[in-house]
Engineer: 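Have a look at this one.
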Amino acid sequence: NPDFDVRSAARNWDVDKTTTATPVELVSSLFASDVLTLEQLKTRLSKPAYKSLQATVERGEQLDASIADTVALAMKTWAMEKGATHYTHWFQPLTGSTAEKHDSFLNPAGDGVAIMSFSGKELIQAEPDASSFPSGGLRATFEARGYTAWDPSSPAFIIRHTNGATLCIPSVFASWTGEALDLKTPLLRSVEALNKAVTPALKLFGASEGTRVGSSLGAEQEYFLIDEEYYYRRTDLVMSGRTLFGAQPPRGQELEDHYFGAIPDRVLSFMTDAEMQLYALGIPVKTRHNEVAPGQFEIAPIFEDSNIAADHQQLIMQVLRTTARKYGLVALLHEKPFAGINGSGKHCNWSMSTNKGENLLDPGETPHENMQFLFFCAAVIKAVDEHQDLLRACVASASNDHRLGANEAPPAILSIFLGSELTDIFDRLVSGQGGSGKSAGLMGLGSSVLPEIPVHAGDRNRTSPFAFTGNKFEFRAVGSSQSISFPITVLNTIVADAVVALTAELEAALEGSDLDAAVSKVVRGTYQKYQRIIFNGDGYSSAWHEEAERERGLLNLRTTLDAIAHLNSEKNAELFAKFGILSGRELDARQEIMYDIYFKTVNIEGETTEYVAQTQILPAALSYLAELGQAGGGRAAQGVSQEVGGVTDELYDALQKLREHNAALGGDEVHEKAHHMRDAVLPAMSDVRGAADRLERLVAGKFWPMPIYRQMLFVK
Ligand code: ADP
Ligand code: MG
C-alpha cells in the first residue's frame with residue numbers, strides 16, 4: 001500500500017544528535033577553522049615568504065616559485081594538525097562540477113619507516129589523467145595529458161568525511177599546450193580584465209593610486225528535499241535528477257502556504273548541520289527559508305569576491321548533497337525536478353567593488369558617488385543589451401530549458417528590471433529635467449545637470465531575468481545545478497567591454513566640459529541607445545514576449561541549442577579574445593562540450609523514459625487490466641477496463657516511437673545528435689509521459705510502481 005510508506009518515510013530519520021556550536025563558539029572558533037587563511041599562514045611562514053605570497057594573493061602579482069617549498073611545508077603541517085592524511089588539487093573541469101584526485105602525504109623512507117611529506121613541486125603542479133575530462137577537442141588524442149596548477153588566490157581548505165580529512169588546494173586545469181580545460185582559468189582572467197577596464201574610468205572620477213577593482217558575488221541556491229526512500233524507488237530521479245513521470249498532485253503550490261513557512265524539524269536539523277560545516281569552511285551562509293514550491297528550500301551566503309564565491313558555491317552544493325543523506329533525505333539541485341511545480345534557480349547577485357570596499361553599483365551618499373554610479377549602471381545596461389546572446393548561452397543547459405524556455409520565471413528573453421525610481425532618473429536625464437525624482441525621500445544631488453537618486457530603490461520584480469536590486473544586479477536565469485563560474489566570467493567580461501567603450505566616450509566628452517556635464521552626456525546617450533533592454537513589467541506575460549521580439553527586437557533563444565549556437569559567433573569570439581579570456585579554440589571547445597552534455601543528458605533521459613515505461617509502467621497497467629478482467633462483466637469493471645485499456649494502448653504506441661528515436665541518434669556529429677534529442681526524443685518522451693501520467697490517475701494504487709508527487713512533495 002503506497003500510503004503506508006508515507007508514514008514510515010516521514011519517521012525515517014534518526015541521526016545521533018549532531019553537536020552544534022554555541023553562538024560564542026561559532027564566532028570564536030568555528031568560522032573558517034578548516035580554511036588556511038593568510039592570517040594562519042602569517043604565523044607559519046618567514047616574513048619574506050609571507051610578503052611574497054601576500055603580494056600574489058592580494059595584488060595579483062606573479063607567484064614566486066622559490067617560496068613553494070616553505071608554503072607546502074606550512075600547508076602540510078596545518079593540514080595534519082586538522083587530521084588530514086591526504087591532499088588534492090581541487091579543480092573545476094568543464095563538466096560543471098569539481099574534481100579531486102587524492103594523494104597521501106605518506107612516503108616510505110626505507111626499512112619499514114614512513115614519513116609525511118609534501119613538496120613545493122607537488123603543491124604547484126599535479127597531473128591528473130586529462131583524458132577522462134571533457135576537452136572539446138583541445139586535447140589531441142596523442143597528447144592526453146593535462147595539468148592542474150595551484151591557484152594561490154583562493155585559500156586551501158579541509159574537507160572532512162566520516163573517518164578522515166583531505167587538504168584541498170584550489171587549482172586551475174589546463175592542457176600541456178596551455179589551453180584552459182576548466183571553468184576557473186577564464187574566471188580569473190575575467191576578474192583581471194575587469195580590473196584593467198574599470199580602474200582607468202575610476203581615475204577619471206578621482207580614484208586614488210593603487211585602487212583595484214573586482215567583482216562581488218552572492219548566489220542564492222534553491223533546492224528540493226525529498227525522502228531518501230522515495231528517491232531510490234524512482235529510477236528517473238536516480239538516473240537523471242528529475243522526475244520523467246508524475247501526474248500533478250491534487251494540491252500544488254496554489255495555497256501559497258509553504259513560502260517562508262515554518263521549517264520542519266528534520267529539514268531544519270539538516271540545514272543547521274550543513275551550515276556548521278559551511279561555517280568551518282569559511283563560507284558565510286546567512287539565509288535559509290522555505291521556497292515557493294512544496295519541498296523546496298533556499299540557502300544564501302553573504303556575497304564575497306567572485307572567485308572565492310565560485311569556489312564556495314561548489315562547496316555549498318556538495319555539502320547540501322552529502323549532508324541530506326545523514327537525515328534520510330536527498331537534496332535535488334536539478335532545475336526542474338517536478339513538472340508543473342516551481343523550478344529551482346541560482347540567483348547570482350553581482351556587483352563591482354574596489355579594494356577599499358567601495359561598491360561601484362551603490363548609488364551612494366554624495367553627488368559625486370551618484371555620478372559614478374550612473375556611469376557604471378549605464379555600462380551594465382549597454383553590456384546586457386549588446387550581449388543578450390552570451391548571457392542566455394552561459395546559463396543554457398538541457399535542465400535549465402525547463403525553466404527558461406517554458407512559461408516560468410525568468411523567461412529566456414534577456415531584459416533589465418531597473419525599478420520605477422531608477423528608470424525615472426534615467427528618463428529625467430534624457431529629457432534634461434534634472435531635479436527631484438518622482439518618489440519621496442530622494443536625496444539631494446546638488447547638481448544642475450543630474451537628477452536626484454533615491455536612497456533605496458524600492459520596488460521588486462520577481463519575473464525579470466536581470467534585476468537591479470538597490471546596490472547590485474541580480475542575474476536570475478542561472479540554473480540551480482550549474483557552476484556559477486562561467487556566468488560570472490561573462491558578466492565580468494561584457495561589463496569590462498562596455499566600461500572601456502564608455503570611458504573612451506567620457507574622455508572625449510571631457511574635452512571642453514566638466515565631469516558632471518560629461519557624465520551626464522555619456523549616460524544620457526547610452527540610455528537612449530539601449531533603452532529597449534529595460535523592462536519593468538511582467539516577464540511571464542505573452543504580451544511581453546510579443547513586444548520583446550516584434551517591437552524591441554530582443555533575442556528570444558528558447559532552447560539551449562538556439563542559445564549555444566551564438567556562443568562562438570564572430571562578435572563573441574572577438575570579445576573573449578580582446579580581453580584574453582578565451583581564445584577562439586578555447587571558446588569553440590566550450591561550445592562543443594555544451595552540445596555534447598546536452599546530447600548526453602537528453603539521451604539518458606530518453607533511455608530512462610523508455611526503460612521505466614516499458615518495464616515498470618506498462619506492466620503495472622497490464623496487471624491492472626488482467627485483474628479487471630477477472631472482476632466479472634459489471635458495468636464498472638468494463639468501463640474502467642476500457643478506459644485503462646485505451647490509455648495503455650496510447651502508451652504502447654508512444655513508446656514504440658520513443659524507442660525508434662532513442663535508437664536512431666540522428667547522426668554522427670554531436671550537433672546532429674543534440675538536435676535529434678531536442679526535436680525528436682524530447683517530444684517522444686513527452687508523449688510517453690502524457691499517457692503514463694494519465695494512467696497514474698487510473699491504475700489501482702497497489703499496482704503503481706513508484707512513489708508519486710503527492711508523497712514525494714509533502715512528506716517532510
Ligand atoms: P533577495 O531579497 O533577492 O532574496 P537578499 O537581499 O537576501 O536577496 O540578498 C541576496 C544576495 O545578494 C546575498 O547573497 C547578498 O549577500 C548579495 N549581495 C548584497 N550586496 C551585494 C553586492 N554588493 N554584490 C554582490 N552581492 C551582493
Ligand atoms: Mg533574490
Side-chain angles (χ1 to χ4, degrees), residues 31 187 190-191 194-195 198 202 212-223 258-261 263 271 274-275 278-279 281-293 296-317 320 342-365 369 372-373 376-377 379-380 383 409-410 416-419 422 455-478 480 484-485 487-492 495 539:
F31 189 75
L187 172 58
S190 75
V191 170
L194 189 70
N195 174 48
V198 176
L202 275 181
R212 285 181 58 82
V213 174
S215 57
S216 52
L217 199 107
E220 307 160 51
Q221 172 79 54
E222 294 176 338
Y223 61 96
H258 183 68
Y259 189 56
F260 282 15
I263 306 173
M271 286 175 167
E275 284 167 357
L278 293 167
Y279 289 145
L281 288 166
I283 303 174
V285 282
K286 177 87 173 164
T287 307
R288 61 188 186 198
H289 61 80
N290 290 358
E291 253 306 325
V292 175
Q296 192 185 30
F297 305 90
E298 178 178 305
I299 181 170
I302 296 173
F303 68 94
E304 299 177 275
D305 175 67
S306 61
N307 172 32
I308 309 285
D311 281 359
H312 283 177
Q313 221 294 305
Q314 294 288 354
L315 288 171
I316 288 175
M317 290 197 282
L320 289 179
N342 243 53
S344 298
K346 184 143 55 198
H347 299 173
C348 282
N349 296 272
W350 180 94
S351 188
M352 298 176 272
S353 59
T354 68
N355 52 346
K356 314 225 157 80
E358 185 189 5
N359 177 357
L360 303 183
L361 291 175
D362 193 329
E365 278 159 20
E369 287 169 340
Q372 192 182 293
F373 160 73
F376 288 116
C377 200
V380 175
I416 299 181
F417 170 82
L418 278 187
L422 195 50
V455 185
H456 293 291
D459 43 351
R460 288 281 211 162
N461 173 306
R462 293 261 155 216
T463 64
S464 175
F466 203 94
F468 180 71
T469 51
N471 58 2
K472 64 198 185 277
F473 281 92
E474 181 172 346
F475 186 20
R476 302 210 183 100
V478 184
S480 52
I484 60 174
S485 293
I488 308 173
T489 303
V490 167
L491 281 170
N492 290 345
V495 174

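As a basis for the values below, the full set of heavy atoms in this structure was taken, side chains included, without hydrogen atoms, waters or symmetry mates. When a ligand or atom number is given, it counts from 1 through the structure's own listing order.
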Engineer: So is Ile302 touching ligand 1 or not, going by heavy atoms under 4.0 Å?
Structural biologist: yes
Engineer: If hydrogens are left out, which of Lys472, Lys286, Arg462 has an atom nearest to atom 9 (O) of ligand 1, that is, the closest non-hydrogen atom?
Structural biologist: Lys472
Engineer: Report the part of Asn359 in contact with ligand 1, treating N, CA, C, O as backbone and CB onward as side chain, heavy atoms under 4.0 Å; options are side chain, backbone, both, neither.
Structural biologist: side chain
Engineer: Can you tell which part of Ser353 has a heavy atom less than 4.0 Å from ligand 1: side chain, backbone, both or neither?
Structural biologist: neither
Engineer: Check the side chains of Ser344 and Gln296 for a donor-acceptor pair under 3.5 angstrom, ignoring hydrogens and angles.
Structural biologist: yes
Engineer: Give the atoms of ligand 1, by number and element, whose distance to some non-hydrogen atom of Glu474 is under 4.0 Å.
Structural biologist: 3 (O)
Engineer: Would you find a donor on one side and an acceptor on the other, under 3.5 Å apart, between the side chain of Asn355 and the backbone of Arg212?
Structural biologist: yes
Engineer: Do Tyr223 and Ile316 come within less than 4.5 Å of each other through their side chains, counting heavy atoms only?
Structural biologist: no
Engineer: Can you tell me how far apart CD1 (Ile484) and CG (Leu491) are? Round to the nearest 0.5 Å.
Structural biologist: 10.5 Å
Engineer: Here's a test for you: under ring pair (Phe, Tyr, Trp, His ring centres under 6.0 Å), which of Phe466, Phe417, Phe468 qualifies with Phe475?
Structural biologist: Phe466
Engineer: Find out whether His312 and Leu278 are in side-chain contact, i.e. whether some heavy atom of one side chain is under 4.5 Å from a heavy atom of the other.
Structural biologist: no
Engineer: Under 3.5 Å between any N/O of Leu217 and any N/O of ligand 1: does that happen in this structure?
Structural biologist: no
Engineer: Within the 4.0 Å heavy-atom shell around Ser351, which atoms of ligand 1 are there?
Structural biologist: 22 (C), 23 (N), 24 (N)
Engineer: Would one find an N or O of Ala300, backbone or side chain, under 3.5 Å from an N or O of ligand 1?
Structural biologist: no
Engineer: Relative to ligand 1, is His347 under 4.0 angstrom through side chain, backbone, both or neither, heavy atoms considered?
Structural biologist: neither
Engineer: Do Arg476 and Glu474 pass the salt bridge (charged side-chain N to carboxylate O under 4.0 Å, His left out) test, and can you show the C-alpha distance, the side-chain angles, and the key distance before you say yes or no?
Structural biologist: CA-CA 6 Å; Arg476 302 210 183 100; Glu474 181 172 346; 3.2 Å; yes
Engineer: May I ask you to check whether Glu298 has an N/O atom sitting below 3.5 Å from an N/O atom of ligand 1?
Structural biologist: no
Engineer: Can you sort out which atoms of ligand 1 are near Pro301, meaning under 4.0 Å from one of its heavy atoms?
Structural biologist: 13 (C), 14 (O), 16 (O)
Engineer: Would you check whether Trp350 has a nitrogen or oxygen atom less than 3.5 angstrom from a nitrogen or oxygen atom of ligand 1?
Structural biologist: no
Engineer: For residues Met317 and Lys346, determine if any side-chain heavy atom of one lies less than 4.5 Å from a side-chain heavy atom of the other.
Structural biologist: yes
